[in-house]
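The next block holds one structure in the form of structure tokens; read it before the comments.
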Number of protein chains: 2
Amino acid sequence: MTLARIAGELGVSAMTVSNAYNRPDRLSGALRERIFETADRLGYNGPDPVGRSLRRQRTDVVGVLYSNPLSYAFDDPAAVSFLRGLSSVTEGADLGLLLVPAASGASGGRDPRAAAQAAVDGFVVYSMSDEEPLLTAALGRGLPTVVVDQPARQGVPFVGVDDEGAASEAAGHLLELGHEGFGVVSFALSPDGREGIADPGRQEGAAFQVSRSRLRGYRSAVEAAGLPWSGVSVFECPGSAATLGHRAAGALLSSKRRPTAILSTSDQLALGVLAAAEELGLSVPEDLSVVGFDDVSPGAVPPLTTVRQDHEEKGSLAGRMLVSLLRGEDVPEPRRLPTRLVVRGSTAPPRWPVPAS
Amino acid sequence: MTLARIAGELGVSAMTVSNAYNRPDRLSGALRERIFETADRLGYNGPDPVGRSLRRQRTDVVGVLYSNPLSYAFDDPAAVSFLRGLSSVTEGADLGLLLVPAASGASGGRDPRAAAQAAVDGFVVYSMSDEEPLLTAALGRGLPTVVVDQPARQGVPFVGVDDEGAASEAAGHLLELGHEGFGVVSFALSPDGREGIADPGRQEGAAFQVSRSRLRGYRSAVEAAGLPWSGVSVFECPGSAATLGHRAAGALLSSKRRPTAILSTSDQLALGVLAAAEELGLSVPEDLSVVGFDDVSPGAVPPLTTVRQDHEEKGSLAGRMLVSLLRGEDVPEPRRLPTRLVVRGSTAPPRWPVPAS
DNA sequence: CTACACTACTTTATCGTTAAATAAGCGGTT
DNA sequence: AACCGCTTATTTAACGATAAAGTAGTGTAG
């Protein structure tokens with residue numbers, strides 16, 4: 001069933017039927033009624049969305065690009081909050097939200113064709129590595145695009161936080177408490193799935209801007225306190241799950257110079273660190289201080305000291321920016337949303353000053 | 001930039017350019033290379049998704065219809081798990097997932113036009129009321145559709161659980177413990193936003209099949225134990241948030257015949273009940289037993305006795321069914337997924353037998 | 001030397017819609 | 001009878017792509 005068939009049935013032009021649906025005020029009430037009635041009778045459900053999109057050159061859909069398999073997003077509380085904020089804005093603007101499927105290639109990267117095949121008016125790109133081909137493909141489409149968290153690119157509207165500053169503040173907190181022996185548990189520095197200690201080269205060369213920034217923040221605070229960064233082991237996990245943090249902490253805590261404090265680049269990892277500590281008979285915060293990032297784990301025991309950021313607001317801001325772009329309005333300067341260090345029960349002064357060697 | 005322009009530039013037919021992208025084996029490697037190179041040079045990103053969908057009569061997108069504003073879905077752990085399961089299957093089949101925006105009308109129902117406007121190959125409908133116009137509109141499209149949780153409709157592929165049986169089991173557990181005074185905290189019976197005690201008429205007339213079934217399950221167990229259902233107050237909340245459960249429990253627990261046990265149709269509501277009990281100085285489970293539904297609140301204190309169901313599997317099954325339908329394969333009989341009563345710390349025998357009056 | 005399969009590409013027609021321009025008719029005025 | 005502004009409906013021409021059928025040209029077998 002198509003517009004034309006309905007039109008034929010009634011002896012009117014297709015345009016008139018189209019108008020019945022799109023500009024009801026442009027035809028007489030009587031005719032409009034007859035059209036809807038005929039449509040009903042013949043089982044026509046209104047203009048076909050695809051034909052309509054082709055002609056109007058817009059889809060009223062926003063695409064979401066995620067660097068991992070889609071289903072991981074629903075496992076990550078930060079991503080879920082982000083989507084909540086984003087969806088509330090897009091729905092308010094009567095836009096659909098398309099979760100773009102991108103099969104993962106062998107390299108860990110995602111199939112860039114996904115971005116080319118998505119019938120959307122614009123993209124929201126969530127947390128990708130610097131040179132992700134999927135991102136390049138999306139930007140290549142020339143559609144309005146907002147990047148969230150990473151990578152910040154010249155000329156591309158961006159939403160994120162000051163990761164370096166926040167990380168520095170987190171490390172500063174531990175330093176103030178008197179800690180001198182640190183370990184870092186980080187999520188991926190690059191999307192190659194590596195797991196293990198990351199040397200400074202790998203740290204600086206990280207393909208994930210957020211990882212790079214947070215490590216830099218930790219480092220600058222540590223060095224500002226006169227301590228050598230070389231004394232800090234950075235354990236890289238290939239993702240951000242508690243089990244990965246658990247393994248990482250296991251490695252760090254069994255090294256010969258055991259840290260008295262562990263900085264984690266996510267709460268999920270920090271949760272794993274807590275579990276590892278418990279397993280090793282270390283009590284937190286007495287024997288070990290732990291700091292998370294994101295503030296998405298309200299139920300942790302002990303409650304996590306962490307860097308709070310408003311993920312929902314991030315989604316909502318990204319949504320508002322994209323909606324403005326779609327409407328052809330100007331978009332305000334890239335803004336960094338605020339973060340706040342929330343001190344809870346997982347950090348305390350070290351039991352003793354760290355011995356000199 | 002279009003196929004035709006690239007074709008013109010090279011002096012070949014549009015079809016050949018199309019084939020370069022869709023059936024690379026149908027043209028010589030040399031020409032293919034020239035085409036890609038020209039496309040690159042002119043900034044062509046491959047076939048336009050909308051034109052392509054129009055011609056092929058498919059979009060490779062699955063629409064998700066939700067009975068509440070979309071952003072609520074990301075607040076509901078059951079819905080999030082469901083989406084995780086669903087998205088893993090759709091992504092595996094290289095299908096996009098379109099979260100369909102449906103502005104809420106005054107009646108609380110959602111704008112049915114949303115279903116007509118969505119450019120999708122099929123729908124997954126998540127937990128809707130019996131006569132929701134949005135659902136009718138979706139089914140009217142004649143696209144492959146799978147309904148999840150409710151409403152089960154003759155001839156429409158369905159995924160859900162045996163709510164009545166599970167609820168009956170939950171109530172049975174309390175009866176076995178010796179409880180005789182019950183209260184029920186239920187999420188919406190009908191989408192009209194009512195809050196307060198629901199009489200048996202409203203219970204039976206509920207527009208949400210799941211609500212109806214769970215209440216029936218509670219009731220059948222209570223009556224099977226020889227107790228009158230009229231003695232059980234059912235407090236209806238307009239949604240499923242902890243704050244609503246809190247208010248509901250406040251009302252039930254301050255009535256003159258205070259229940260010794262409260263059955264909640266969701267964990268979220270049960271969490272509110274726990275909060276209300278604490279506020280009133282009642283300890284759980286000593287003074288009050290509480291049972292949830294869904295098993296999505298691992299962190300509750302005390303840990304909730306609840307009905308466990310596998311939301312992720314539900315999403316994944318719905319996805320598999322829809323994918324089969326899209327491929328024109330047969331879909332197995334509507335199946336009810338299993339549930340299991342998980343007894344934890346929120347239920348115990350009543351402190352004393354309920355006094356006769 | 002015809003027949004036939006095969007490759008590499010083209011032609012034609014169509015998917016379902018809507019923007020923009022155009023026309024026809026209205027009662028009334030000049 | 002020409003022209004008004006206004007409403008209502010029509011005509012025309014894309015929007016960007018691909019299915020299906022068709023046409024050369026080439027090699028290969030009988």
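Naming: A, B, ... by sequence-line order, numbering from 1 per chain. Any value given below was found using the heavy atoms of this structure, including those in side chains, with hydrogens, waters and symmetry copies removed.
Heavy atoms of B:Y44 sit under 4.0 angstrom from primed sugar atoms or phosphate atoms, though from no base atom. Among the heavy atoms of the strands lying under 4.0 Å from B:R23 are primed sugar atoms or P, OP1, OP2 only; no base atom is included.
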Nucleotide-resolved protein contact map, nucleotides 5-12 of chain C, B/S/- at heavy-atom distance under 4.0 Å:
----SBB-

Show your working on side chain to side chain donor-acceptor pair (under 3.5 Å) between A:R84 and A:S81 and close with a plain yes or no.
CA-CA 5 Å; A:R84 178 166 52 237; A:S81 293; 3.2 Å; yes

Side chain to side chain contact (heavy atoms under 4.5 Å, CB included) evaluation trace for B:L337 with B:V159
CA-CA 7 Å; B:L337 292 173; B:V159 179; 4.0 Å; yes

Candidate pair B:N22 and B:R52, rule side chain to side chain donor-acceptor pair (under 3.5 Å), full reasoning:
CA-CA 11 Å; B:N22 296 305; B:R52 172 176 236 256; 2.3 Å; yes

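With rounding to whole Å, B:M1 atom CE is found 13 Å from D:dC15 atom P. Rounded to an integer number of Å, the gap from A:R56 CZ to C:dA20 C1' is 15 Å. Protein atom CD of B:Q117 is 17 Å distant from nucleotide atom P of C:dG16, rounded to whole Å. Going from atom CG of A:L3 over to atom C1' of D:dT10 covers 14 Å, rounded to whole Å. Atom P of nucleotide D:dA17 and atom CG of B:D60 are separated by 16 Å, given to the nearest angstrom. As rounded to whole Å, 13 Å separates atom C1' of D:dA19 from atom CG of B:L54. Summarising the geometry, the separation between CZ on A:R55 and C1' on D:dT12 is reported as 11 Å, rounded to the nearest angstrom. Spacing between atom CG of A:N22 and atom C1' of C:dT17 amounts to 9 Å, rounded to whole angstrom units.
Summarising the geometry of B:D121 relative to B:D60, their closest heavy-atom pair is OD2-N, 2.7 Å, with the distance given to 0.1 Å.
A donor-acceptor contact under 3.5 angstrom links the side chains of B:S13 and B:T16, judged on distance only.
The shortest distance between the side-chain N/O atoms of B:Q57 and the OP1/OP2 oxygens of C:dG16 is below 4.0 Å. Contact check, B:S18 against D:dT18: a side-chain N or O comes under 4.0 Å of OP1 or OP2. Note on A:R52: every side-chain N or O is 4.0 Å or more away from OP1 and OP2 of C:dG16.
Judged by distance alone, with hydrogens and angles left aside, the side-chain atoms of A:T145 form no donor-acceptor pair with the main-chain N or O of A:L139 at under 3.5 Å.
Between A:Y21 and A:F36, the distance from one ring center to the other falls under 6.0 angstrom.
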